[in-house]
Amino acid sequence: MTDMRDILQAASLLARHIPPTPMWSYPVLNAAAGAELWVKHENTQPIGAFKVRGGLTLLATMTDRDRGVVAYSTGNHAQSVAYAARMFGTPCAIVMPENPNPAKVAAVEALGATVVVGGATMVEAADVARAEADRLGRRLISPADEPEIIAGVGTLYLEILLQRPDLDAIVVPVGSGTGAAAACLVARALAPGCRVIGVQSAAAPAAHDSWRLGEMVLRPMKTRVDGLATGSAYALPQRVMRDLLTDFLLVTDEEIRAAQRLMLTHAHTLAEGAGAAALAGVLNRRAEFAGTKVAIVVSGGNAGPAELAALLQPQHA
């Protein structure tokens, strides 16, 4: 299980590779939300998402990385592992489900990884990845059940609470749950009075429902928000979240899209859907957050062409 010592070690390690990301408060956004929001800009990472922290930490601490790695993902986890593998000269293959987004394939291949297309869903892609790792004698990297990934992601919340130790809450988008789990561990150590609240799409509520029920469940994945599109929960993040997460909210895809537009107009920030979910959660519970100091994590900025086109469509009253 990851603890604060692991997160501090990850921070020391990552300092050699990536700088801290900015965190700003925007008065016009605060006025719209009725709260003092601190926006953590993980969309400025070299792959455009927070997950690079976990990928770099895992590869840096892997003693046999020359043998190579295999991961399975449709998006930011894939780029995270591919980016880290390129940095450390590690052979890397990424398995994506059938009919992958060509832009995401191109992004992963540009980082030097091999893309293998297989499986109709992420669950099936995981099986293909497992077989590929066995065939090549490489390490299989889970999207979430890796202590090193949670330690690396924890550095994001270390940065937040070192800059703003007086926060009332941190609101975290949840796909696999690594971010929420990491936030819980750091808040417990540095700011035990700071609430940690997860936000997920109601159209893909596997992590939320698993947390509420206290058992791992599968759920339909109908969201259009790529970064939140997980149909299953992951054991390691769930274990941490069950002990330490304050609350877990569901928001609609429409609320997320509205929050993306608000990030564009009020915070000059391009957030992918998952990156706007935390703001959507605050706006959904406006009365609960009124007058408080809240960090919201823009987990990524990798909005695809269709997503951008929808964001820029004129809004009718």
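The structure presented is a predicted model; accordingly, all values stated were derived computationally and were not measured. In this chain, numbering begins with 1 at the start of the sequence shown.
Between Val115 and Val117 the shortest side-chain heavy-atom distance falls below 4.5 Å. In this structure the side chain of Ser232 reaches within 4.5 angstrom of the side chain of Leu218, judged on heavy atoms. Proximity of Phe50 to Val153: side-chain heavy atoms (C-beta onward) are separated by under 4.5 Å at one or more points. Contact of the Ile149 side chain with the Ile141 side chain is registered, since non-hydrogen atoms from C-beta on lie closer than 4.5 Å. Val172 is listed as a side-chain neighbour of Tyr157, based on a closest heavy-atom distance under 4.5 Å. Using a 4.5 Å heavy-atom threshold, the side chains of Leu190 and Leu158 count as touching. Inter-residue side-chain proximity for Met62 and Thr90 is flagged as unmet; no heavy-atom pair is nearer than 4.5 Å. When side chains are defined from C-beta on, Leu111 counts as touching Gln79, because their heavy atoms get closer than 4.5 Å.
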Q) What's the verdict on side chain to side chain contact (heavy atoms under 4.5 Å, CB included) for Ile160 and Met23, showing C-alpha distance, side-chain angles and the deciding distance? A) CA-CA 8 Å; Ile160 288 175; Met23 185 166 72; 3.9 Å; yes

(Q) Go through it in stages, so that I can follow the logic: the residues are Leu250 and Asn284, the test is side chain to side chain contact (heavy atoms under 4.5 Å, CB included), and I'd like the CA-CA distance, side-chain angles, deciding distance and then a yes or no. (A) CA-CA 9 Å; Leu250 290 177; Asn284 179 273; over 6 Å; no

Q) After noting the C-alpha distance and the side-chain angles of Phe289 and Ile296, does the key distance pass the side chain to side chain contact (heavy atoms under 4.5 Å, CB included) rule? A) CA-CA 12 Å; Phe289 291 105; Ile296 56 173; over 6 Å; no

Q. Would Leu29 and Leu279 satisfy side chain to side chain contact (heavy atoms under 4.5 Å, CB included), going step by step from the backbone distance to the final call?
A. CA-CA 10 Å; Leu29 184 63; Leu279 176 59; 4.1 Å; yes

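The backbone N or O of Ala32 sits less than 3.5 Å from a side-chain atom of Arg286, completing a donor-acceptor pair. Asn302 contributes a side-chain N or O that, together with a main-chain N or O of Ile47, makes up a donor-acceptor pair within less than 3.5 Å. The closest donor-acceptor contact from the side chain of Asp6 to the backbone of Ala151 lies at 3.5 Å or more, if one exists at all. In this structure, the side chain of Thr114 does not engage the main chain of Ala93 through any donor-acceptor pair within 3.5 Å. Between the side chain of Arg53 and the main chain of Gly154, no donor-acceptor pair closer than 3.5 Å is present. Ser25 contributes a side-chain N or O that, together with a main-chain N or O of Leu37, makes up a donor-acceptor pair within less than 3.5 Å. When atom types are taken as modelled, the side chain of Thr2 and the backbone of Pro147 share a donor-acceptor pair closer than 3.5 angstrom. Remark: the backbone N or O of Ala271 is not paired with any side-chain donor or acceptor of Thr269 at under 3.5 angstrom. Under a 3.5 Å cut-off, the side chain of Thr155 and the backbone N or O of Gly152 do form a donor-acceptor pair. For Gln238 (side chain) and Trp211 (main-chain N/O), a donor-acceptor pair under 3.5 Å exists by modelled atom type.
In terms of the side-chain hydrogen bond (donor to acceptor under 3.5 Å, both in side chains) criterion, Asp168 has no residue partners (sequence neighbours excluded). With sequence neighbours excluded, the residues satisfying ring-ring contact (aromatic ring centres under 6.0 Å, His included) with His208 are Phe248. Arg224 pairs by the salt bridge (Lys or Arg N to Asp or Glu O under 4.0 Å) definition with Glu254, not counting sequence neighbours.
The nearest pair of heavy atoms linking Ala71 to Ala129 is O-CB, 4.5 Å. In terms of heavy-atom proximity, Ala169 sits nearest to Ile197 at CB-CD1, 4.4 Å. Across Pro143 and Ser176, no two heavy atoms sit closer than the pair O-OG, 4.1 Å. Across Gly198 and Val174, no two heavy atoms sit closer than the pair CA-CG2, 3.8 Å. Here the closest non-hydrogen pair linking Ala280 and Ala259 is N-CB, 3.7 Å. Residues Gly175 and Ala207 share a closest heavy-atom pair of O-CB, 3.9 Å.
The pair Asp66-Arg138 does not count as a salt bridge, with every side-chain nitrogen at least 4.0 angstrom from each carboxylate oxygen. With respect to Asp127 and Arg130, a salt bridge is recorded, a charged nitrogen being found less than 4.0 Å from a carboxylate O. Classification of Asp243 and Arg188 as a salt-bridged pair fails, no side-chain N sitting under 4.0 Å from a carboxylate O.
Hydrophobic clustering, with ILVMFWY side chains joined whenever heavy atoms are under 4.5 angstrom apart, groups Val240 together with Ile7. Val95 and Tyr234 fall into different hydrophobic clusters, defined by Ile, Leu, Val, Met, Phe, Trp and Tyr side-chain heavy atoms under 4.5 Å apart, directly or through other members. Leu249 and Met263 fall within a single hydrophobic cluster, where Ile, Leu, Val, Met, Phe, Trp and Tyr side chains are chained together by heavy-atom contacts under 4.5 Å. Note on Met241: it clusters hydrophobically with Leu236, by side-chain heavy-atom contacts below 4.5 Å among ILVMFWY residues. Criterion: ILVMFWY side-chain heavy atoms under 4.5 Å apart, direct or through other members. Under it, Leu245 and Val294 are not part of a common hydrophobic cluster.
Separation of atoms CZ (Arg257) and CD (Glu307) is listed at 6.0 Å; rounding is to 0.5 Å. Here the NZ-CH2 distance, from Lys293 to Trp38, works out to 8.5 Å after rounding to the nearest 0.5 Å. The line from CZ of Arg195 to CG of Asp247 is 8.0 Å long, rounded to the nearest 0.5 Å. Taking CZ of Arg239 as the reference point, atom CG of Asp145 lies at 8.0 Å (rounded to 0.5 Å). A distance of 12.0 Å separates CG in Leu14 from CD in Gln9, rounded to the nearest 0.5 Å. Rounding to the nearest 0.5 Å gives a distance of 7.0 Å between CG of Leu228 and OG of Ser299.
Ring to ring, Tyr83 and His17 are not that close: their centroids are 6.0 angstrom or more apart.
Of the candidates Lys51, Glu272, Gln45, Lys104, Glu272 is the only one forming a side-chain hydrogen bond (donor to acceptor under 3.5 Å, both in side chains) with Asn76.
Counting only N and O atoms by type, the side chains of Glu42 and Thr21 include a donor and acceptor under 3.5 Å apart.
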